Number of protein chains: 2
Amino acid sequence: MDRPVVQVSKAGGERADAARNRAHLLDTARALMAEHGATKVTMDGLAASSGLGKGTVFRRFGSRAGIFRALLEDEETKLQQAVLSGPPPLGPGAAPLERLIAYGAARVDFLFDNYEIARAALDGGQSAPMGAQTPLSRIHIRMLLDLIKPPVSDRGVLATQLTAALDGPALLLLHVDDFADAKNDQVRAKFVQGWSDLVGLVCRHTSTGHG
Amino acid sequence: MDRPVVQVSKAGGERADAARNRAHLLDTARALMAEHGATKVTMDGLAASSGLGKGTVFRRFGSRAGIFRALLEDEETKLQQAVLSGPPPLGPGAAPLERLIAYGAARVDFLFDNYEIARAALDGGQSAPMGAQTPLSRIHIRMLLDLIKPPVSDRGVLATQLTAALDGPALLLLHVDDFADAKNDQVRAKFVQGWSDLVGLVCRHTSTGHG
DNA sequence: ACCGTAAACGGACTTTACCCCGCTAATATT
DNA sequence: AATATTAGCGGGGTAAAGTCCGTTTACGGT
């Protein structure tokens with residue numbers, strides 16, 4: 001039993017063959033991406049490579065962006081597990097602010113590891129382009145803020161703003177070459193530290209020094 | 001003399017006919033959007049409606065998203081003027097924190113007023129999907145943070161995170177129906193207040209903090 | 001005014017996302 | 001086990017994005 005605690009996909013009432021095809025398509029998509037990059041993953045190409053029909057691809061994922069959203073949710077499951085039942089400070093057991101800081105670090109790593117997928121996932125969306133309507137990040141941050149109780153008029157709004165502060169840089173502000181191998185680690189580290197500074201200030205935690 | 005202080009487009013070395021066509025295309029695009037909504041603005045349609053060739057449309061704007069980026073930059077010029085030379089607290093003259101709070105309010109209004117354009121603008125971008133590589137928001141926030149000197153290890157990172165906290169909700173987290181006429185004003189107000197709370201906390205100097 | 005050049009124009013062409021609907025096969029019912 | 005039901009499958013069709021290249025036109029030099 002390793003089904004995620006929060007149902008991320010509509011995998012629930014799916015027929016057996018449909019589920020099998022979904023998994024196979026995701027694998028094929030990952031392979032195509034690894035080989036040629038995200039921009040070269042086309043619907044026809046994916047259908048052909050997987051040996052399935054184009055209609056099937058669209059039924060499963062709705063749109064091109066939907067494939068990348070599914071891919072992202074799939075990767076996100078690992079992070080989700082670590083957050084919900086892994087060891088502290090990311091998982092339960094640590095103080096809320098520690099968990100918040102740890103979550104930021106984990107999320108930055110996640111986004112940098114998967115930035116190509118993440119950016120491809122926000123193409124074209126009519127409605128909310130981000131993963132789910134209330135992403136994992138926002139829910140978790142909200143929960144921790146409810147424990148920390150920072151002095152703001154609306155904790156839900158703060159959760160949304162912090163989610164954006166965490167995801168926004170990688171998703172819409174950074175250049176592609178900020179993800180280039182050379183700069184990658186330094187940029188990551190800067191944003192991890194920055195997140196720590198930011199939530200430290202918001203949660204009135206000033207004892208940790210910085211250089 | 002109403003040329004923007006910061007050159008937002010490559011309007012500089014453009015031939016006269018090119019500049020004329022650019023302006024005409026933007027007007028036509030605005031008209032099409034007002035009539036049928038952003039999703040119905042097609043490159044063929046825009047070319048036909050403007051009486052120009054499709055090649056021209058692509059040469060001018062590079063891609064579909066490019067049209068919306070140009071439209072957004074055009075609108076943003078007004079905000080830019082108010083920030084650079086308008087009356088305080090948005091313009092120069094007020095205390096930095098006041099200006100920062102006022103900027104947030106103005107930016108939220110701008111994004112809510114132009115959210116359809118703004119979302120259409122972030123389609124498909126290979127590189128940084130947002131307007132310019134270093135958007136107005138980030139530059140201005142960075143400048144104000146340099147005056148306020150909040151106790152963080154990297155002010156550039158904080159500027160990026162606050163820019164994301166300001167733009168992210170409207171661009172990637174809110175549902176479309178949060179922009180529906182009924183909820184619109186309340187949601188705006190919540191985010192304006194939230195921004196004020198957020199930067200208030202970030203910029204509050206503590207006794208132990210450094211200058 | 002004329003001319004040469006470089007930029008801009010236009011629209012046919014290619015590629016690709018997305019739709020449709022007749023066909024197939026997995027599950028529910030008896 | 002046979003049948004009815006319903007979801008899933010497949011691939012051809014449409015429309016819209018993006019490319020190319022021959023033609024036209026602005027503009028600086030003479």
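Throughout, a chain's letter reflects where its sequence line sits, starting with A, and its residues are numbered from 1. Fair warning: this is a prediction, and the values are worked out from it, not measured in the lab.
- Rounded to whole angstrom, the span from the CZ atom of A:F61 across to the C1' atom of C:dC19 amounts to 18 Å.
- In terms of the salt bridge (Lys or Arg N to Asp or Glu O under 4.0 Å) criterion, residue partners of A:D146 (sequence neighbours excluded) are, by chain and number, A:R142, A:R155.
- Note: CZ (B:R60) to C1' (C:dG11) measures 17 Å, nearest angstrom.
- Listed by first and then second residue, the salt bridge (charged side-chain N to carboxylate O under 4.0 Å, His left out) pairs that reach into residues 31-52 of chain B are B:D44-B:K54, sequence neighbours excluded.
- Of the side-chain N and O atoms in B:T56, one or more sit less than 4.0 angstrom from OP1 or OP2 of C:dG10.
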Show each protein N/O and nucleotides 1-5 of chain D N/O combination with a separation under 3.5 Å, one pair to a line.
none

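- The shortest distance between the side-chain N/O atoms of A:N21 and the OP1/OP2 oxygens of D:dC9 is below 4.0 Å.
- The existence of a salt bridge linking B:R30 and B:D27 is confirmed by a sub-4.0 Å separation between a basic side-chain nitrogen and an acidic carboxylate oxygen.
- Checked against side chain to side chain contact (heavy atoms under 4.5 Å, CB included), A:S50 has the following partners two or more places apart in sequence or in another chain: A:H24, A:L25, A:T28, A:L52.
- If you take CZ of A:R22 and C1' of D:dA7, they are 14 Å apart, rounded to a whole angstrom.
- Annotation: proximity of residues 25-34 of chain A to DNA chain D (heavy atom, distance under 4.0 Å) is found for no residue.
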Quick one: what's the B/S/- string for nucleotides 15-30 of chain D, heavy-atom cutoff under 4.0 Å, read 5' to 3'?
-> -SBBB-----BSS---

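- Between B:M43 and B:I67, some side-chain heavy-atom pair lies under the 4.5 Å cut-off.
- For B:F191, there are no ring pair (Phe, Tyr, Trp, His ring centres under 6.0 Å) partners two or more places apart in sequence or in a different chain.
- Under the rule for a ring pair (Phe, Tyr, Trp, His ring centres under 6.0 Å), the partners of A:F179 that lie at least two apart in sequence or sit in another chain are A:F112, A:Y115.
- Electrostatic pairing of A:R188 and A:D113 counts as a salt bridge here, judged by a charged N lying under 4.0 Å from a carboxylate O.
- With sequence neighbours excluded, the residues satisfying side chain to side chain contact (heavy atoms under 4.5 Å, CB included) with B:A94 are B:P88, B:P89, B:E98, B:R99.
- Ionic pairing of A:E76 and A:R107 is present here: one or more N-O contacts between side-chain nitrogen and carboxylate oxygen are shorter than 4.0 angstrom.
- Between the axis at the start and the axis at the end of the helix from C:dA1-D:dT30 to C:dT30-D:dA1 there is an angle of 30°, using five pairs per end and rounding to 10 degrees.
- Checked against side chain to side chain contact (heavy atoms under 4.5 Å, CB included), B:K78 has the following partners two or more places apart in sequence or in another chain: B:E75.
- Partners of B:V41 under the side chain to side chain contact (heavy atoms under 4.5 Å, CB included) rule, at least two apart in sequence or in another chain, are B:L32, B:M33, B:R64, B:F68.
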In sequence, state the C-alpha distance, the side-chain angles, and the governing distance for B:L90 and B:V83, and then conclude on side chain to side chain contact (heavy atoms under 4.5 Å, CB included).
-> CA-CA 5 Å; B:L90 188 55; B:V83 166; 3.9 Å; yes

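- Nucleotide D:dC9 holds its P atom 13 Å from the NE2 atom of A:H24, rounded to whole Å.
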